[in-house]
> 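Quick one: the structure is below, questions incoming.
Every chain is numbered from 1, with letters handed out A, B, ... down the list of sequences.
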Amino acid sequence: MNSTIAYLTTQLDRAIVAALGDDYAGTDPLLGLSSNPKFGDYQANMAMGLSKKLGQQPRQIAQSIVDNLDVAAVCEVPQIAGPGFINFTVKPSYLATQLQAMQLDSRLGVPVAEKPQRVIVDFSSPNIAKEMHVGHLRSTILGDCIARVLEFRGHDVLRLNHVGDWGTQFGMLILYLREAYPEALTTADALDLGDLVLLYKKAKQRFDEDAEFQAAARKEVVKLQAKDPDTIEAWNLLCDQSRREFQVIYDRLNVQLTERGESFYNPYLSTVVDDLRATGLLVESDGAQCVFLDGYTNRDGDPLPLIVQKTDGGYNYATTDLAAVRYRIQTDRADRIIYITDAGQSDHFAQVFQVAKLAKWIPEDVEIIHVPFGLVLGEHGKKIKTRSGETIKLKDLLDEAIERFSNDLKSRVAAEERQETDDFIANSAEIVGLSAVKYADLSQNRTSNYVFSYDKMLALQGNTAPYMMYAYVRVQGISRKGGIDFDRLGDRAQIILNEELELTLAKHLLQLGTVINEVERDLLPNRLCQYLFELSQKFNQFYDKHSVLQVEEPLRTSRLVLCDLTAKTLRLGLDLLGIPVLERM
RNA sequence: GGGUAAAUAGCUCAGUUGGAUAGAGCAACUACCUUCUAAGUAGUCGGUCGGGGGUUCGAGUCCCUCUUUACCCA
């Protein structure tokens, strides 16, 4: 219903000019959806603000605007209410026309972006030799959803997995494995990721306790960076091992990613430092190459540098991230770069972006943003940390989800005396379980921390994936029962909106485009979740109160169109969340 | 100590450029399946939006301040 807002805005502007004079052309009408359905569908709030300027009562101003306003093509006569709100109620005939157009459009009325952009979404980014945990779930799911929305809007999206596959920890790990488990460094599949994680922990322990080991590990890092063949082979094996396990998770979650890990930027690191030196940003401090930025201080209140080359000549995360920024702009030609990581890294990215801007790597029209998300907290409200062993492995969470939904479905099938195959139960449980986990994450405002809870994540009532999938299933039930082929309802099916619940549902369906725009702009998937939840609620209310198959034509077809549009909107919206639909459940 | 977020119903959370009587879900209680799947619907209960100032026609939303919590800081 973007077009409705556009139409009302134009008409309001004309009326404002006619009522108040040319000086007021372009006044923001403060037009939006009504705060409460009893006031109609849209409201314009500018009369109160104009009151002081004009020295008139706001209601009087509203009245003179309404007197000059022509919106009869779309709305009933606007009403003035309260201190001076102008309320609009859309005509059912107009809604019917809009719905017909939506039914004929494979994109359900959502336009493709006028200026498609090259967008990079950097997300997921697990570390080699570490298990993916619930924190990676957030990045992965949010990134996938954001990428899907941008792709749907017609942008050219590059989904990058900035895997942690480089750094000092590899020297430590390779050295330890040479001693403790040499086969792992020469044979593929000698260990699984679980073993690797355990060995990593032991290596870390050794590293922390044994100074000699520490020194040797550093030498191993140098060998890795110097591309010593044995060390590189060992490193490749370790990466492959982790990669295979990550891929299992990505496949289950149906998430596509292009891996471009930290090691990819290795050849560009020295250029970054040279470039910063050339622009005069580099300062040597205690032997390290640093960039000092305004607004950052350390514990003692001294200026805090961003170190790009350590005293020993090595590089760090900041250097890699700077190289990535540079590469993504200069080589990938990105117009918009989106980093999806936890909020704890906000300072880091702010610094990296600021340095990149000072170095003039980021053109005016390129947007580079950190899209932070809150932490997943343990039971006691503290960050879940790998070290304390509290981490919930992603794999375990997904297995648990499927297990619970499988048990639930089995008891449901037994209680309803349904005959279902084992395949049906296994498949449904898998889809519903994974969807529930995804939705639990996406439906929350990404910026807030949340306390992890199996029960909440695997709930099946209320604002959950199963609730929405169930609404979809109900429509498919109507289709089966009535032998309805929704594709054959006819291009010009008459749409009749007499009942309150039909009107409410129709109006909500037409908000899809607005919501997708918002998600594209604010990168907040929970807005889309909220929309789909409300759509399901409105559909369920309609479904509960009005029958579809058992009413006379032409009402029957009209209602079938409403059902069909609801199902299509749910399917599209859930797809943008990375959630499939089921025909039965 | 500095920085960044946050504090809304018993619990978990929404709350769109500041708009009219602050909303969901869960939990608790009640009613509705011979009817298109009850994974549903309707209802009851539940709030000094952390405290205090300020800005304005109007503040959960913006500003200041205090308290508490989380995260980041060679």
> Mind checking whether Tyr315(A) and Tyr317(A) have ring centres under 6.0 Å apart?
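No, the ring centres sit 6.0 Å or more apart.
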> Rounding to a whole Å, what distance do you find between Tyr531(A):OH and G23(B):P?
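Nearest whole value for this atom pair: 22 Å.
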> Is there a side-chain polar atom (N or O) of Asn45(A) under 4.0 Å from OP1 or OP2 of U17(B)?
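Answer is no, no contact under 4.0 Å.
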> Would you mind reading off the distance between Asp286(A) atom CG and A74(B) atom P, rounded to a whole angstrom?
13 Å
> Expressed as a whole number of Å, how far does the C1' atom of U30(B) sit from that of C45(B)?
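The answer is 11 Å between these two C1' atoms.
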> Taking only heavy atoms on the protein side, list every residue of residues 577-585 of chain A lying under 4.0 Å from any atom of RNA chain B, sorted numerically.
Arg584(A), Met585(A)
> Tell me whether the side-chain N or O atoms of Gln537(A) pair up with the base of A24(B) as donor and acceptor below 3.5 Å, since no angle test is needed here.
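For Gln537(A), whose side chain was compared with the base of A24(B), there is no donor-acceptor pair (under 3.5 Å).
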> Within the 4.0 Å heavy-atom criterion, would you say Asn449(A) contacts the bases, only the backbone, or no part of the nucleic acid?
sugar-phosphate
> Under 3.5 Å, sequence neighbours excluded: what are the donor-acceptor pairs made by side chains of residues 541-552 of chain A?
none

> Under the rule for side-chain hydrogen bond (donor to acceptor under 3.5 Å, both in side chains), what residues qualify as partners of Arg218(A), not counting sequence neighbours?
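Here the qualifying residues are Gln214(A).
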> Heavy atoms only, 4.0 Å cut-off, all strands: where does Phe533(A) land among base, sugar-phosphate and nothing?
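Answer is sugar-phosphate: Phe533(A) comes under 4.0 Å of backbone atoms only.
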> What integer distance in Å separates Met469(A):CE from A39(B):P?
15 Å
> Can you check the distance between G52(B) and U67(B), where both ends of the measurement are the C1' atom (answer in whole Å)?
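Looking at atom C1' only, G52(B) and U67(B) are 11 Å apart.
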> For G19(B), does OP1 or OP2 lie under 4.0 Å from any side-chain N or O of Gln43(A)?
no
> Taking only the side-chain heavy atoms of Ala81(A) (C-beta and beyond), determine which of A20(B), C36(B), G40(B) contains the nearest atom.
A20(B)
> Quick one: Ile478(A) CD1 to C36(B) C1', roughly how many Å, whole number?
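It works out to 5 Å between those atoms.
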> With the six-membered base ring of A20(B) as reference, does the ring of Phe85(A) sit under 5.5 Å away with planes under 30° apart?
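Answer is yes, a stack.
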> What contact category does Pro305(A) fall into here, base, sugar-phosphate, or nothing, at under 4.0 angstrom with non-hydrogen atoms?
base
> Name every donor-acceptor pair, under 3.5 Å, that has one atom in a side chain of residues 478-485 of chain A and the other anywhere in the protein, sequence neighbours excluded.
| unit_1 | atom_1 | unit_2 | atom_2 | d |
| --- | --- | --- | --- | --- |
| Ser479(A) | OG | Ile484(A) | O | 3.0 |
| Arg480(A) | NH1 | Glu583(A) | O | 3.3 |
| Asp485(A) | OD1 | Asp487(A) | N | 3.0 |
| Asp485(A) | OD2 | Arg488(A) | NE | 3.4 |

> For U41(B), does OP1 or OP2 lie under 4.0 Å from any side-chain N or O of Lys545(A)?
no
> Would the base of A6(B) count as contacting Ser448(A) through its side chain, where contact means a donor and an acceptor less than 3.5 Å apart?
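Not at all, since no donor on one side and acceptor on the other fall under 3.5 Å apart.
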> Quick one: do Arg412(A) and Asp408(A) make a salt bridge, cutoff under 4.0 Å?
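Salt bridge flag = yes for Asp408(A) with Arg412(A).
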> How does RNA chain B read in dot-bracket, base by base from 5' to 3', with Watson-Crick or G-U pairs under 3.5 Å and | used when the partner is on another strand?
(((((((..((((.....[...)))).(((((.......))))).....(((((..]....)))))))))))).
> Can you measure Asn445(A) atom CG to U61(B) atom P for me and round it to whole angstrom units?
17 Å
> Check this for me: does the side-chain of Asn540(A) come within 3.5 Å of the base of A38(B) through a donor and an acceptor?
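Counting by modelled atom types and ignoring angles, no donor-acceptor contact under 3.5 Å is found here.
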> Do we count Tyr467(A) as stacking onto A39(B) if the rule is ring centres under 5.5 Å and planes under 30°?
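Tyr467(A) ring does not meet the centre or angle cut-off for A39(B); no stack.
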> Under 4.0 Å, heavy atoms only, any strand: does Glu518(A) hit a base, just the sugar-phosphate, or nothing?
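Base: the residue Glu518(A), judged by heavy atoms under 4.0 Å, touches a nucleobase.
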> Listed in order of residue number, which residues of residues 407-422 of chain A have a non-hydrogen atom at under 4.0 Å from RNA chain B?
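Close to the strand are Leu409(A), Arg412(A), Glu416(A).
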